[in-house]
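Comments concern the structure below.
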Amino acid sequence: MKNGVSMNKEKCKRVYITTPIYYVNDVPHIGHAYTTIIADTLARYSRLAGMEVFFLTGTDEHGQKIEQAAKARGKTPKEYADEISMRFKKLWDEFEISYDKFIRTTDEQHIKGVQKAFEVMYKNGDIYKDVYRGHYCVSCETFFTAQQLVDDEFCPECGRSTSIVEEESYFFRLSKYQDRLLEWYESRPDRILPKSKRNEVINFVKNGLDDLSITRTSFDWGIKLPESINDPKHVIYVWLDALMNYVTALGYGTDERLMYYWPAKVHLIGKDILRFHAIYWPAFLMSLGLELPHHVAAHGWWTRNGEKMSKSKGNVIDPKEIADAYGLENFRYFMLREVPFGQDGDFSQRALIDRINSDLGNDLGNLLNRIIGMSGKYFDFKIDSKKVDTYHKNELEAVGSIFSTVEPHLYEIQTNRYLEDLWKALRIANKAIDTSMPWAKMKEQKEDEAMATIALVANILAKVSILLHPFMPKATQTIANALGFEIDHKSYVKFIKNSELLESFTIKKVPPLFPRIEEPLIEISIEKEKKERETAFVQKKSEENTQNNIITIDQFLQVSLKVGTVVEAEDVPKSKKLLKLQVDLGEERPRQIVAGIKEWYNPSDLKGTQVCIVANLKPAKLMGMVSEGMVLAAKDEKGLSLIRPESPKKAGTPIG
Ligand code: MSP
């Protein structure tokens, strides 16, 4: 018994975290990055907290969909899978995802493990052969019942057309596991996270489970049945193949030395694949006599204008593009802060910018700068925590209770609540400065009190940087370095578990951690496409107008067009598009014209050149600057050109 207890304790220290394995028919987008970043954050947190972590990700490479995608590109399925799998791996490496293993379902070890599992299930009577007739969606690799179809034909998941497939198939006795599955969901309220999803699954199972067809004969690109069964026309259904990755990665059926990590602490997935993970997978595991995972956690979708992002919809956002423009860690913070786990979230650059400027820049970055500034000015950068408890007992208690209760949010994948709580602590720190006013205390010669406030803030920052480390590994290490320590398990125990305070230290200056961003930094590819469509639309409309919308000469003469000379041209630093011009129109002072031409012209190339101006437009304000006219330009798909007189003309010469 004694041994049993210590074994259990040992087990608690092991944490196995998985992402779904990604289909190689799609290139990585922010939906994939989201799952992986959540998993990475959990893995990093668990390591920091002293657990022995195994973090798995990888690619799902078999099935008809991939066979077809490869064929369309004139490649073999393996060549095609190699190429896309590499793109996922490369992205995760660039994103410094701390995975321990990247599994591919074309790995020999995986194939052998899946065949072994099939054999075990077959031998124990859970697999039998029969004929399957059903409505099959190639894209989702899923059979649907007639009742599930939309308008008697279309796939309820992706909306594509289904076809009736009748084939000999091996079946898994899923129906046999109905009661045991229900018992499993009941065994803990948080088996399926978020808890709101649990009932969906329970109802589905209560409605009755049909046995599951787990082989196909209509295509080849899959794992063959084990030789002992000797039925070469069948390949194993892609979902059985794919789900097995979670144990074959640990050597199930081949070299089982890593199986001590099993069962998984959590399988992180998107809500679209919950049924596979919360119903099929535990049933397969029961059949194999393996323990069941602790949790299956399903997040919502990232959408674009309310629609799920997917390649087939052509509305995907490249996570690399965003991370390059805004910073990888800022992007990580945003994804995990913005959307409550399980809910959908619409991606927008504006929301990302707001998070960076407000949460990271104002609340966190400035807080550090404030204490660097004050400690430099008053105490030669020295900070001492001795009197914090005397002057800030309440604040210390308040943040102490936040830090000691925040962890469960993370294990319930409520990353937004976890971060909200850390920000409550930052708010307490910011408020302490505003109310205690160390500068006033210094004037009153209450140096101890001023020091206590600065030290309180330093300690809050130290603890927040540790707890935030799994989300933003580099920025938090920079904060910790400024505060004179390294973030690791030792400092986690010291400052978080044992609630110790920083010893006396000299704070170091750091460059601004989260520079302010004013405007969207990039044109997301799909925005580019949208723009192209808009330009085409505008062109078409203008052609139509030319044909239909005839104006009289008098109407034309109402527009005052003039030649102008650019006397000054300046960049508008906060804007990606605008330049500010001073244009001489022969009037008593040059006109200020704000023009959206920055992408095509440098200010220095414009000075002294001539342009054509609409001179009687009502002045308008652009980014707070008055614009007193409009420059004429022509834009097509190759770019924009200003319209200019062929030879110089006196400033103000009318055009007509
Ligand atoms: N290959 C299967 C998983 C097998 S796991 C044993 C698969 N692959 S996938 O590439 O299509 O999707 C992988 C994950 O990405 C899923 O969890 C899915 O929910 C997630 N996402 C795909 N698009 C998404 C969004 N637009 N938003 C958030 N996540 C989404 O399914």
Side-chain angles (χ1 to χ4, degrees), residues 17-39 56-66 69 81 84-85 87-89 91-92 102-106 110 113-114 117 137-142 157-158 193 197 221-223 236-249 252 264 266-282 284-285 293 296-319 322 335-336 338-347 413 526:
I17 295 168
T18 68
T19 72
I21 46 173
Y22 300 103
Y23 278 135
V24 292
N25 68 333
D26 201 352
V27 292
H29 60 69
I30 65 164
H32 305 130
Y34 182 50
T35 329
T36 305
I37 289 171
I38 300 173
L56 176 72
T57 189
T59 42
D60 187 357
E61 306 183 9
H62 290 126
Q64 194 169 11
K65 221 187 319 184
I66 312 244
I84 309 284
S85 175
R87 288 182 70 166
F88 275 99
K89 186 158 186 301
L91 180 68
W92 303 150
F102 186 98
I103 191 172
R104 300 183 54 185
T105 53
T106 48
H110 172 76
V114 172
C137 172
V138 174
S139 181
C140 300
E141 313 260 14
T142 310
E157 303 276 331
C158 73
L193 294 167
K197 289 268 168 218
W221 181 237
I223 300 180
I236 295 174
Y237 171 47
V238 67
W239 270 103
L240 172 57
D241 166 354
L243 288 162
M244 280 300 297
N245 92 88
Y246 299 131
V247 289
T248 60
Y252 172 81
V266 58
H267 293 307
L268 280 159
I269 56 165
K271 63 180 182 182
D272 49 336
I273 56 176
L274 180 60
R275 188 172 20 124
F276 301 97
H277 284 80
I279 302 174
Y280 300 175
W281 179 228
F284 294 154
L285 288 167
V296 173
H299 62 69
W301 286 335
W302 280 96
T303 57
R304 231 6 235 179
N305 305 321
E307 287 207 321
K308 185 190 175 196
M309 236 174 259
S310 76
K311 196 171 140 202
S312 52
K313 292 211 178 88
N315 63 352
V316 295
I317 293 176
D318 176 0
I322 306 291
M335 293 213 108
L336 301 188
E338 189 68 6
V339 196
F341 189 74
Q343 293 182 20
D344 294 348
D346 214 52
F347 184 87
I413 332 287
I526 58 162

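Predicted model, so just to flag it, every value in this text is computed and none were measured. First listed ligand is number 1; within each ligand, the first listed atom is number 1. When a residue number appears, it is its place in the shown sequence, counting from 1.
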**OP:** May I ask you to check whether Y246 and H277 place their ring centres under 6.0 Å from each other?
**Re:** yes

Subject >> Option of least heavy-atom distance to atom 3 (C) of ligand 1 (set: L243, I21, T19) >> reply: I21

Original post:
H62 pairs by ring pair (Phe, Tyr, Trp, His ring centres under 6.0 Å) with which of Y23, Y237, W221, W239?
Top reply: W221

Subject >> I38 side, atom CD1; I413 side, atom CD1 - distance, nearest 0.5 Å >> reply: 7.5 Å

**OP:** Tell me which protein heavy atom sits closest to atom 19 (O) of ligand 1, plus the residue, atom name and distance to 0.1 Å.
**Re:** D272 OD1, 2.5 Å

**OP:** May I ask you to list the atoms of ligand 1 that are less than 4.0 angstrom from any heavy atom of W302?
**Re:** 25 (C), 26 (N), 27 (N), 28 (C)

Original post:
Do you know the tightest heavy-atom contact between D241 and V114?
Top reply: O-CG2, 4.0 Å

Original post:
Is the W92 ring parallel, tilted or perpendicular to the F88 ring (thresholds 30°, 60°)?
Top reply: tilted

**OP:** Can you pull out the closest protein heavy atom to atom 20 (C) of ligand 1? Residue, atom name and distance to 0.1 Å, please.
**Re:** T35 OG1, 4.3 Å

**OP:** Report the part of Y246 in contact with ligand 1, treating N, CA, C, O as backbone and CB onward as side chain, heavy atoms under 4.0 Å; options are side chain, backbone, both, neither.
**Re:** side chain

Subject >> Shortest protein contact, atom 15 (O) of ligand 1 (heavy atom only) >> reply: H32 CD2, 3.5 Å

Subject >> Distance from atom 10 (O) of ligand 1 to nearest protein heavy atom, with residue and atom >> reply: Y23 N, 3.1 Å

Original post:
How close does the nearest protein non-hydrogen atom get to atom 17 (O) of ligand 1, and which residue and atom is it?
Top reply: G270 N, 2.7 Å

Original post:
So which of L268, D344, V339, I273 gets nearest to atom 31 (O) of ligand 1, if we judge by its closest heavy atom?
Top reply: I273

